[in-house]
K.L.:
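The structure under discussion is supplied below as structure tokens; questions concerning it will follow.
Sequence lines set the chain letters: A, B, ... in the order given, protein chains first and strands last, and positions in each chain run from 1. Model, not experiment: these values are computed from the prediction.
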There are 2 protein chains.
Amino acid sequence: MPKLSRSKQDYLKALYALGPEGEAVVTSRLALRLAVSPPSVTHMLGQLAAQRLVTHAPRAGARLTAKGRREAVEMVRRHRILETFLVRVLGFDWSEVHDDAEILEHHISDRVLEAIDRLMGHPAEDPHGHPIPDRRGRVRRRDLEPLSSLRRGARATVREIRDADGPRMARWKQTGLVPGAQVRVREVRALDDVFEIEVGGKRVVTGSEGLEGLMVESAKGGPRGQ
Amino acid sequence: MPKLSRSKQDYLKALYALGPEGEAVVTSRLALRLAVSPPSVTHMLGQLAAQRLVTHAPRAGARLTAKGRREAVEMVRRHRILETFLVRVLGFDWSEVHDDAEILEHHISDRVLEAIDRLMGHPAEDPHGHPIPDRRGRVRRRDLEPLSSLRRGARATVREIRDADGPRMARWKQTGLVPGAQVRVREVRALDDVFEIEVGGKRVVTGSEGLEGLMVESAKGGPRGQ
DNA sequence: CGCCAGGTTTAGTCTAGTCTAAGTATTCAT
DNA sequence: ATGAATACTTAGACTAGACTAAACCTGGCG
């Protein structure tokens, strides 16, 4: 089994991000995500299919096989361990570690990865709140929803930051929107797209656009508690 | 100025290793070192010359320009910082860190490299005893000689381990031949190539072959004056 | 003084991954 | 039902970096 090229690893990762359970993903969506032309995607899917990492029916999109998913989850594990390392050990801010992890995940050997993981005591979550798959590829799944989908009065806990845009994450961090933060929705105005929430006693007003990627866990007991 | 490809970085590093002060290095020597065919070397030297990183006169070999040497020293710095990190922080043995550093040196960003360097307090030497160039590319030069060149009765201190062969380094380490170790030459028999030395009170007998790459600093006042 | 052996360079090919241009299939609206 | 818009695939070409085969110096020896 030849080791996968960086490019192939990237395709599998993208496929996993867009269809984690083996849902079909169409060419253009993949092309967009990987910043590559559609023909390149078709071409690469052909190769991945030949290696039984995906199935590819013309015009019906591609889906990960079990084998392909294993590879993808492995990359996710690497990425998250590296981000955690960059933050916890090297002291970077979690808003600025994505790109370095993105490169290193392809080049670090298993032994170095495991040594880093051991050094940190096998963390279960990365700095953005994402669960880190274990060595056997199992991912703890949680039931989260976008903060922007909450209704007025709802309370919730921020769990994950799904984004790769540094400045935006830095802004969230500054306003207290970090994993673990308690939030309450004070006002939702669909008309002019205004979202007003309370984070640790502070009021924050924004458009729903500004919350894209913030995933929360709803507080039990419904929107009218306490 | 486009960043250099991994391959180009490797060529420059090899050129530096074989002719650190800009001495001419012939095609075949480079080909051997890089495990690549001679035509590949000629081809690549053409490109490096076009970028003013080397000068290349047909059949006279190539030599690094100042610019090329800067790049090469930068790679050496990266390599040595990474090896130090793998040993000091991740707990690897110095006999087994070369290969990982070899890959990572090409892919780690400046900011991560500097963060690692800071974390370790800007070490001056790597685990094999090699000086780490500073950020401006200055290398502290020392006056060392091969252990195998010492004469009977000479005393010296081991300073550098110039090798990339893991098992061999592990053997040295086990017999106490590590940077800083004091050695005394008890016997040299050129005829049957036997070298008998004393390391920390222990006697070690070997062929001169088995000492290739061990660099020492002669003790002052010893039999090997000047 | 010439010629052979060696290493060096030229020439042409291969692979992986990308691209653009053009062709084909599907879907949607009239 | 048919044509237009959209999306996917095919075809062909480019790049970097490697390779092999063959041509080309050049130096040493007869």
Side-chain angles (χ1 to χ4, degrees), chain A residues 1-19 22-64 68 71-72 75 102-103 105-107, chain B residues 1-16 18-19 23-64 68 71-72 75 102-103 105-107:
Chain A
M1 188 125 15
K3 221 198 80 228
L4 297 170
S5 68
R6 183 191 162 160
S7 219
K8 284 182 176 144
Q9 291 176 336
D10 280 336
Y11 275 85
L12 294 177
K13 242 183 31 164
L15 235 11
Y16 180 72
L18 300 175
E23 298 93 324
V25 177
V26 297
T27 306
S28 51
R29 221 156 129 52
L30 217 39
L32 204 63
R33 170 140 187 144
L34 292 166
V36 130
S37 71
S40 301
V41 172
T42 300
H43 183 72
M44 184 58 91
L45 288 179
Q47 299 188 220
L48 293 174
Q51 287 177 73
R52 314 273 140 188
L53 294 160
V54 308
T55 57
H56 181 217
R59 266 157 247 273
R63 44 186 89 221
L64 286 174
E71 292 288 344
M75 294 315 294
E102 191 70 22
I103 295 173
E105 66 187 8
H106 300 291
H107 301 291
Chain B
M1 191 115 13
K3 219 197 84 231
L4 296 170
S5 70
R6 185 195 158 155
S7 218
K8 285 182 177 145
Q9 290 176 336
D10 281 336
Y11 274 85
L12 294 177
K13 243 184 28 164
L15 234 12
Y16 180 72
L18 300 175
E23 299 92 324
V25 178
V26 298
T27 306
S28 49
R29 219 155 132 51
L30 216 39
L32 204 63
R33 168 139 189 145
L34 292 166
V36 131
S37 71
S40 301
V41 172
T42 301
H43 184 70
M44 183 58 92
L45 288 178
Q47 299 186 222
L48 293 174
Q51 288 177 70
R52 314 273 141 187
L53 293 160
V54 307
T55 57
H56 181 219
R59 264 157 247 273
R63 43 186 89 223
L64 286 173
E71 293 287 344
M75 294 315 294
E102 190 69 24
I103 295 173
E105 66 187 10
H106 300 291
H107 300 291

K.L.:
Are side-chain heavy atoms of A/His106 and B/His107 found at a separation under 4.5 Å?
P.N.:
no
K.L.:
In the structure I gave you, are the side-chain heavy atoms of A/Arg29 and A/Leu18 within less than 4.5 Å of one another anywhere?
P.N.:
yes
K.L.:
Whole-Å distance between C/dG7 C1' and B/Leu30 CG?
P.N.:
14 Å
K.L.:
Does the side chain of A/Leu15 come within less than 4.5 Å of A/Leu45's, by heavy atoms?
P.N.:
yes
K.L.:
My understanding is that only one of B/Pro38, B/Ser40, B/Pro39 makes a side chain to side chain contact (heavy atoms under 4.5 Å, CB included) with B/Val36; could you say which?
P.N.:
B/Ser40
K.L.:
Reading nucleotides 5-21 of chain D 5' to 3', which nucleotides get B (base under 4.0 Å from a protein heavy atom), which S (sugar-phosphate only), which -?
P.N.:
--BBBBB-----SSBBB
K.L.:
Tell me the interatomic distance from A/Leu4, atom CG, to C/dA16, atom C1', rounded to whole angstroms.
P.N.:
13 Å
K.L.:
Show every donor-acceptor pair shorter than 3.5 Å between a side-chain atom in residues 49-61 of chain A and any protein atom, with sequence neighbours excluded, or say none if there are none.
P.N.:
none

